[in-house]
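Being a predicted model, the structure only gives us computed values, none of them experimental. By convention here, the first residue in the shown sequence is residue 1.
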Amino acid sequence: MFRLETEVDKGRRTLLSRRLRDDNTAGSPELRALRTDPAGQEIPLEVWVLDELGAVAGGLTGRTWAYWLHVDQLWVDARHRGRGLGSRLLAEAERVAGADRACTRSRLETWGFQAPDFYRERGYEVSGRVENYPPGITEFILTKNLS
């Protein structure tokens, strides 16, 4: 007999993650090879732009894994927009990912009302889209070749 539970359980989540990773590694020769490669380690990547007082004027957070840069968040304070700071943040993350971490591709997600055009202008291409995520909004998945 089985029972279902809907409680948040960090221990079970960790167990599930480990077991799924083990199954995926066993099922994929590519993942097995990657697990022995330094690029198989997920490494955070953060780039910050600070104003003259040291306050955060913008930032980019992401990670590198499997020769990919994954941009999670990019934000510039409204008072500083239009000065190229977003472009500088993205370019620096791409530079670090490519030069220091051997990444060859980059990916990110953005909503239609956010910045798909910003990313397209910087060489990203739409690889996918999810309509109504959340309702009424389109999410775009964009990728770029860094080499």
Inset, instruction - Kindly work out whether a path of hydrophobic side-chain contacts (I/L/V/M/F/W/Y, heavy atoms less than 4.5 Å apart) joins Val47 to Trp68. - result: no
Inset, instruction - Give a yes or no on whether Trp75 and Val49 share a hydrophobic cluster (residues Ile, Leu, Val, Met, Phe, Trp, Tyr; joining criterion: side-chain heavy atoms under 4.5 Å apart). - result: no
Inset, instruction - Look at atom CD of Gln73 and say whether more than 12 heavy atoms of other residues, nucleotides or ligands are closer to it than 6.0 Å. - result: no
Legend entry - Leu4 atom CG: more than 12 heavy-atom contacts under 6.0 Å: no
Where is the tightest heavy-atom contact between [X] and [Y], given as atom of each residue plus distance?
X: Ser127; Y: Thr143; value: OG-OG1, 2.7 Å
X: Phe140; Y: Trp111; value: CD1-C, 4.3 Å
X: Ser106; Y: Val71; value: OG-CG2, 4.2 Å
X: Leu89; Y: Leu60; value: O-CD1, 3.9 Å
X: Thr64; Y: Ala97; value: CG2-CB, 4.0 Å
X: Tyr67; Y: Ala102; value: CD2-O, 3.2 Å

Sidechain-backbone polar pair: [X] side chain, [Y] backbone, donor-acceptor under 3.5 Å:
X: Arg81; Y: Val76; value: yes
X: Trp65; Y: Gln41; value: no
X: Thr36; Y: Ala33; value: yes
X: Arg32; Y: Ala26; value: yes

Hey, what do you get for [atom1] ([X]) to [atom2] ([Y]), rounding to the nearest 0.5 Å?
X: Leu142; Y: Tyr119; atom1: CG; atom2: OH; result: 8.5 Å
X: Arg120; Y: Glu125; atom1: CZ; atom2: CD; result: 10.5 Å
X: Arg95; Y: Arg88; atom1: CZ; atom2: CZ; result: 12.5 Å
X: Ile43; Y: Arg63; atom1: CD1; atom2: CZ; result: 12.5 Å
X: Arg105; Y: Leu69; atom1: CZ; atom2: CG; result: 11.5 Å
X: Asp9; Y: Thr14; atom1: CG; atom2: OG1; result: 8.5 Å

Inset, instruction - Starting from the C-alpha separation in whole Å, work towards a yes-or-no answer on salt bridge (Lys or Arg N to Asp or Glu O under 4.0 Å) for Glu94 and Lys144. - result: CA-CA 10 Å; Glu94 292 171 351; Lys144 178 180 180 179; 3.1 Å; yes
Any side-chain heavy atom of [X] sitting closer than 4.5 Å to one from [Y]?
X: Lys10; Y: Arg13; value: yes
X: His70; Y: Glu42; value: no
X: Ile137; Y: Asn132; value: no

Legend entry - CA sep, side-chain torsions, deciding dist, call: Thr110, Tyr124, side-chain contact (heavy atoms from CB on, under 4.5 Å): CA-CA 12 Å; Thr110 190; Tyr124 283 77; over 6 Å; no
Legend entry - Chi angles and distances behind the side-chain contact (heavy atoms from CB on, under 4.5 Å) call for Leu34, Leu31: CA-CA 5 Å; Leu34 184 61; Leu31 281 178; 4.2 Å; yes
Legend entry - Verdict with reasoning, Leu74 to Leu90, per side-chain contact (heavy atoms from CB on, under 4.5 Å): CA-CA 8 Å; Leu74 190 157; Leu90 186 60; 4.0 Å; yes
Legend entry - Derivation and outcome, side-chain contact (heavy atoms from CB on, under 4.5 Å), residues Val126 and Ile141: CA-CA 6 Å; Val126 174; Ile141 299 133; over 6 Å; no
